[in-house]
Amino acid sequence: MDFSLSDEQQMMVETARRIGTEFGVEYWREQDAAKAFPHAIWKAICDAGLCGVALPEQYGGSGLGMFDMALIVEALSEAGGGATLGQLFMVNPIFGGVSVSRFGSEMQKSEWLPQIIAGKMHCCMALTEPDAGSNTLEIRTFATPDVDGWRLNGQKIWITAVPTSHKMLVVARTLKQDQIKRRTEGISMFMIDTDRAGISHTAIDKLGTHTLPSSSVFFDNVRIKPDELLGTLDHGWNELLDVLNTERIVTTAGLVGAGRLAINLAVEYGNQRKVFGGKPISSYQGLQFPLAQAYAELECARLMNRRAATFCDEGKPYGSDANIAKLIAAQAAADATERSMQTMGGMGYSKEFHVERLWRDARLFRFAPVAEEMVLNFIAIHDLGMPKSY
């Protein structure tokens with residue numbers, strides 16, 4: 001499989017790298033300290049046409065694919081954003097753009113996609129629940145048919161970027177257990193206003209990814225209009241999976257970029273630091289080997305992710321590849337940030353040298369958006385043919 005980049009793709013990568021460098025590590029340190037959404041860089045990304053790279057041209061996008069989006073996310077992340085940068089693409093062009101472009105009505109596409117692509121509309125997705133976690137089929141949030149639409153009740157947790165969003169992709173049950181033959185039936189997706197009567201949310205205080213808040217969300221008899229159904233009523237399970245698998249691709253790209261950024265910072269520091277006999281500490285194999293190992297693993301994740309993205313763009317099955325890439329990328333990024341901190345010693349623990357932020361942010365992705373144990377379950381069952389263990 002040839003992953004050589006076209007001239008157009010090279011230009012996109014260079015544009016992403018330029019923007020990422022303009023909003024470098026100092027910008028992200030300031031945003032992290034302030035727990036502030038990175039509005040300025042997101043505007044620059046949208047103004048450069050990078051947000052809509054995989055969205056249809058007729059609505060303002062570039063009409064390209066997930067491979068191109070992965071290239072952009074990786075370059076932006078490596079230039080300074082780290083793993084959190086991937087989440088910006090996750091909540092907007094994935095949860096908002098991909099879901100609407102693939103499953104939305106013409107009205108939804110024409111009204112919402114141009115706003116998402118231009119950066120005027122921000123999105124989030126309400127999926128995870130306190131008593132369901134990774135077991136999405138056990139969600140209890142329920143949309144009851146009403147005279148004109150539905151009424152939504154329930155609770156979600158660990159929902160990203162709720163306060164800054166305009167639209168929320170809500171996954172809910174629309175049929176009760178005694179009305180279905182298979183557990184995958186009776187699940188529907190809705191795209192509703194975040195600011196609506198009956199919706200409330202509270203912030204979760206957390207270790208990292210401070211630029212994108214996480215929230216608990218509560219639905220109390222929330223009205224959903226008929227034209228806010230996204231996709232197929234009662235049969236949204238496979239449509240949801242399609243959205244989640246593209247989420248894996250941008251997550252992995254962000255992790256690869258974050259790991260490479262951490263290694264770059266460690267190498268730069270190690271090449272300059274001399275404490276024993278005038279030799280740079282980067283000449284010691286005790287520091288070289290762990291960084292080289294992390295780099296090798298990141299490269300493997302990068303190639304697997306590009307294969308997953310290529311299969312996605314070609315309409316071929318790519319779920320296994322996307323999950324494998326995310327598994328290895330999360331582990332490799334954790335190792336890269338940890339070993340980069342170790343290379344810097346005490347300075348690696350300081351905010352001044354940036355790796356501590358990369359370490360805090362990357363750690364999330366060993367259990368989100370899907371835990372590595374669940375990825376291993378998937379591989380064992382679907383790729384190895386082993387019996388289901390849960």
Side-chain angles (χ1 to χ4, degrees), residues 17 20-21 24-26 28-29 32-33 70 73-87 206-211 248 251-306 324-368 370-373 375-376:
R17 187 175 292 119
T21 302
V25 286
E26 290 294 341
W28 284 97
R29 180 157 71 101
D32 177 80
V73 171
E74 189 179 308
L76 286 164
S77 300
E78 185 176 355
T84 307
L85 194 286
Q87 287 188 295
K206 55 183 179 172
L207 173 70
T209 62
H210 289 152
T211 54
R248 307 280 191 270
T251 299
T252 299
L255 287 165
V256 170
R260 290 169 67 95
L261 172 58
I263 291 172
N264 292 341
L265 292 171
V267 171
E268 180 183 7
Y269 181 92
N271 286 345
Q272 296 174 356
R273 176 79 166 157
K274 299 175 182 179
V275 291
F276 297 109
K279 294 178 61 177
I281 62 173
S282 59
S283 66
Y284 305 143
Q285 291 180 346
L287 296 182
Q288 289 180 353
F289 287 1
L291 293 175
Q293 180 70 36
Y295 177 84
E297 292 172 359
L298 286 167
E299 284 296 287
C300 292
R302 182 191 199 194
L303 290 173
M304 181 61 78
N305 198 44
R306 291 187 176 186
I324 291 171
K326 189 268 177 184
L327 172 74
I328 301 304
Q331 295 173 346
D335 289 343
T337 53
E338 175 79 19
R339 296 311 307 187
S340 295
M341 290 178 71
Q342 193 71 18
T343 298
M344 295 180 180
M347 298 314 296
Y349 205 62
S350 73
K351 292 185 180 296
E352 179 185 356
F353 283 77
H354 307 292
V355 178
E356 61 84 28
R357 171 180 64 86
L358 302 177
W359 174 73
R360 285 187 286 111
D361 289 1
R363 184 59 183 87
L364 168 68
F365 297 100
R366 294 192 68 174
F367 48 76
V370 59
E372 56 190 32
E373 290 82 3
V375 173
L376 292 170

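Please read all numbers here as calculations on a predicted model, not as lab measurements. Basis for what follows: all heavy atoms, side chains included, without hydrogens, waters or symmetry-related copies.
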Parallel, tilted or perpendicular, as decided by the 30° and 60° cut-offs, for the rings of Phe353 and Tyr269: perpendicular

Within a radius of less than 6.0 Å around NZ of Lys279, do more than 12 heavy atoms belonging to other residues, nucleotides or ligands occur? no

Leu76 side, atom CG; Leu261 side, atom CG - distance, nearest 0.5 Å: 12.0 Å

Can you measure from CD1 (Ile281) to CD (Gln288) and round to the nearest 0.5 angstrom? 11.0 Å

Looking at CG of Leu376 and CD1 of Ile324, how far apart are the two atoms once the value is rounded to the nearest 0.5 Å? 10.0 Å

Can Leu364 and Gln87 be said to form a side chain to side chain contact (heavy atoms under 4.5 Å, CB included), step by step? CA-CA 11 Å; Leu364 168 68; Gln87 287 188 295; 4.0 Å; yes

Leu265 and His354: side chain to side chain contact (heavy atoms under 4.5 Å, CB included), yes or no, with the steps? CA-CA 8 Å; Leu265 292 171; His354 307 292; 4.1 Å; yes

With no hydrogens and no angle check, is any side-chain donor or acceptor of Lys326 less than 3.5 Å from a backbone partner on Val370? yes

Under-4.0 Å salt bridge between Arg260 and Glu299: yes

Should we say atom OH of Tyr349 is surrounded by more than 12 heavy atoms from elsewhere, each under 6.0 Å from it? no

Reference residue Glu74; test side chain to side chain contact (heavy atoms under 4.5 Å, CB included); the match among Leu255, Asn305, Val256: Val256

Are side-chain heavy atoms of Glu352 and Met347 found at a separation under 4.5 Å? yes

Rounded at 0.5 Å granularity, tell me how far OG1 in Thr84 sits from CZ in Arg360. 9.0 Å

Quick check: closest heavy atoms across Leu85 and Val73, and the distance to 0.1 Å? CD1-O, 4.1 Å

Ser282 and Asn271 have their tightest heavy-atom pair at OG-OD1, 2.6 Å

Considering all heavy atoms of both residues, which atom of Ala258 and which atom of Ser77 are nearest to each other, and what is their separation? N-CB, 4.1 Å

Restricting to non-hydrogen atoms, name the atom on Leu358 and the atom on Gly82 that form the minimum distance, rounded to 0.1 Å. CD2-CA, 3.8 Å

Main-chain N/O of Gly81 paired to Arg357 side chain as donor or acceptor, under 3.5 Å: yes

Which side-chain N or O atoms in residues 330-344 pair as donor and acceptor under 3.5 Å with protein atoms at least two apart or in another chain?
| from | atom 1 | to | atom 2 | distance (Å) |
| --- | --- | --- | --- | --- |
| Thr337 | OG1 | Ala333 | O | 2.9 |
| Thr337 | OG1 | Ala334 | O | 3.1 |
| Glu338 | OE1 | Trp359 | NE1 | 3.2 |
| Ser340 | OG | Ala262 | O | 2.9 |
| Ser340 | OG | Ala336 | O | 2.6 |
| Thr343 | OG1 | Arg339 | O | 2.9 |

